[in-house]
S.K.: 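Submitted below is the structure of interest, expressed as structure tokens.
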Amino acid sequence: MKRFEVLLTEDAARDLDEIYDYVAEREGLSRASHVLDRVEQLVKNLAEFPERGAHPKELVSLGIRDYRQIFFKPYRVIYRVVGQRVYVYLIVDGRRDMQTVLARRLLEE
């Protein structure tokens with residue numbers, strides 16, 4: 001089985017920090033650590049099966065199928081497979097206005 005290299009962009013790494021801080025402030029350090037561990041494991045698992053993720057519906061409606069997503073609800077991990085690498089661009093609470101977040105973070109690059 002071929003393995004992919006999984007890389008977080010600076011924005012995605014910052015997203016993880018912000019999620020941890022947000023959860024820690026509202027639900028405590030233990031819950032924040034749990035959420036961070038689960039999201040990090042989800043990201044690591046992309047090394048084996050990156051194609052398993054669905055295409056974000058907000059991007060498909062624009063005709064864009066370059067990105068995929070996986071979930072640890074309510075969080076969405078948005079990534080792109082390029083060759084043998086998986087680039088994680090965005091880790092965000094899916095309850096946000098995803099159309100705006102995706103446009104700002106992915107389409108304005």
Side-chain angles (χ1 to χ4, degrees):
M1 170 181 302
K2 70 179 177 180
R3 292 189 54 86
F4 293 77
E5 181 180 13
V6 180
L7 304 166
L8 266 65
T9 62
E10 287 182 28
D11 285 338
R14 189 171 29 259
D15 290 341
L16 279 177
D17 290 341
E18 290 173 2
I19 289 168
Y20 180 87
D21 292 345
Y22 179 85
V23 174
E25 183 178 308
R26 284 161 181 74
E27 300 178 41
L29 294 176
S30 177
R31 178 69 181 152
S33 292
H34 171 74
V35 169
L36 185 65
D37 289 345
R38 292 292 304 268
V39 172
E40 286 178 338
Q41 187 59 51
L42 193 67
V43 168
K44 286 179 190 175
N45 290 343
L46 289 172
E48 292 186 31
F49 300 109
E51 294 89 2
R52 75 168 190 232
H55 299 286
K57 67 181 185 299
E58 298 88 353
L59 296 176
V60 170
S61 69
L62 299 173
I64 300 170
R65 294 184 164 273
D66 296 335
Y67 299 91
R68 294 182 175 271
Q69 66 183 346
I70 51 176
F71 300 91
F72 173 62
K73 293 201 177 199
Y75 301 102
R76 293 169 67 175
V77 177
I78 309 293
Y79 65 95
R80 186 175 187 184
V81 180
V82 180
Q84 289 299 115
R85 291 190 171 137
V86 177
Y87 295 95
V88 177
Y89 290 97
L90 178 67
I91 304 169
V92 67
D93 186 323
R95 297 171 291 193
R96 292 179 58 188
D97 175 4
M98 290 303 295
Q99 198 73 27
T100 301
V101 171
L102 291 171
R104 184 178 44 221
R105 293 277 292 274
L106 300 177
L107 304 178
E108 292 179 0
E109 291 183 344

S.K.: With a cut-off of 3.5 Å and sequence neighbours excluded, list every side-chain donor-acceptor pair involving residues 38-47.
M.R.:
residue, atom, partner, partner atom, Å
Gln41, NE2, Asn45, OD1, 2.9
Asn45, ND2, Gln41, O, 3.4

S.K.: Is Val92 close to Tyr75 at the side-chain level, that is, under 4.5 Å between some pair of heavy atoms?
M.R.: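 No; the side chains remain at least 4.5 Å from each other.
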S.K.: Does Val6 reach the side chain of Glu48, with side-chain heavy atoms less than 4.5 Å apart?
M.R.: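 A side-chain contact under 4.5 Å is absent here.
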S.K.: Assigning hydrophobic clusters by single linkage (Ile, Leu, Val, Met, Phe, Trp, Tyr; side-chain heavy-atom cutoff under 4.5 Å), is Ile64 placed with Val81?
M.R.: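 No, it is not one cluster - the side chains of Ile64 and Val81 are not joined through contacts under 4.5 Å.
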S.K.: Sequence neighbours excluded, which residues qualify as side-chain contact (heavy atoms from CB on, under 4.5 Å) partners of Thr100?
M.R.: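 Checked Thr100 against side-chain contact (heavy atoms from CB on, under 4.5 Å); matches are Asp97, Arg104.
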S.K.: Restricting to pairs with a member in residues 80-93, which pass salt bridge (Lys or Arg N to Asp or Glu O under 4.0 Å), not counting sequence neighbours?
M.R.: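 Salt bridge (Lys or Arg N to Asp or Glu O under 4.0 Å) check on residues 80-93 returns Glu5-Arg85, Asp66-Arg80, Asp93-Arg95.
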S.K.: Looking at Glu51 and Arg68, does any basic side-chain N land under 4.0 Å from a carboxylate oxygen?
M.R.: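 Here Glu51 does not pair with Arg68 in a salt bridge, since their nearest N and O are not under 4.0 Å apart.
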S.K.: Determine, using the 4.5 Å side-chain heavy-atom cutoff (strictly less than), whether Leu62 and Leu106 are members of one ILVMFWY cluster.
M.R.: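 Yes, it is one cluster - the side chains of Leu62 and Leu106 are joined through contacts under 4.5 Å.
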S.K.: For Ala12, which residues count as a side-chain contact (heavy atoms from CB on, under 4.5 Å) partner, sequence neighbours excluded?
M.R.: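 Only Leu8, Thr9, Val88, Ile91 meet the side-chain contact (heavy atoms from CB on, under 4.5 Å) criterion with Ala12.
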S.K.: Output, in order, the C-alpha distance, side-chain angles, deciding distance and verdict of side-chain contact (heavy atoms from CB on, under 4.5 Å) for Asp15 and Glu10.
M.R.: CA-CA 9 Å; Asp15 290 341; Glu10 287 182 28; over 6 Å; no
S.K.: Let me check something: any side-chain donor-acceptor pairs from residues 16-25 under 3.5 Å, sequence neighbours excluded? List them with distances.
M.R.:
residue, atom, partner, partner atom, Å
Tyr22, OH, Arg26, NE, 3.4

S.K.: Please name the pair of heavy atoms, one in Ile78 and one in Pro56, separated by the smallest distance, quoted to 0.1 Å.
M.R.: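 The answer is CD1-CG, 4.0 Å.
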S.K.: Does some side-chain heavy atom of Val101 sit less than 4.5 Å from a side-chain heavy atom of Leu90?
M.R.: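 Yes - at least one pair of side-chain heavy atoms lies under 4.5 Å apart.
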S.K.: For Arg76, check salt bridge (Lys or Arg N to Asp or Glu O under 4.0 Å) against everything at least two apart and list the hits.
M.R.: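 Testing Arg76 for salt bridge (Lys or Arg N to Asp or Glu O under 4.0 Å), a comparison that skips the adjacent residues, returns Glu58.
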S.K.: When rounded to the nearest 0.5 angstrom, what distance separates CG in Leu29 from NE2 in His34?
M.R.: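 Reported value, rounded in 0.5 Å steps: 14.5 Å.
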S.K.: Okay, side chain of Gln84, backbone of Arg3: is any donor-acceptor separation there less than 3.5 Å?
M.R.: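 Yes: the side chain of Gln84 pairs with the backbone of Arg3.
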S.K.: Decide whether Phe4 and Val82 are clustered together by the hydrophobic rule: side chain heavy atoms of Ile, Leu, Val, Met, Phe, Trp, Tyr closer than 4.5 Å, transitively.
M.R.: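 Unlinked, Phe4 and Val82 end up in two clusters.
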S.K.: Determine whether Leu102 and Phe71 fall in the same hydrophobic cluster, where Ile, Leu, Val, Met, Phe, Trp and Tyr are linked whenever their side-chain heavy atoms lie under 4.5 Å apart.
M.R.: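 No; Phe71 is not reachable from Leu102 via cluster members.
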S.K.: Establish, yes or no, whether a centroid distance under 6.0 Å links the rings of Tyr89 and Tyr79.
M.R.: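 No, they do not, as the ring centres are separated by 6.0 Å or more.
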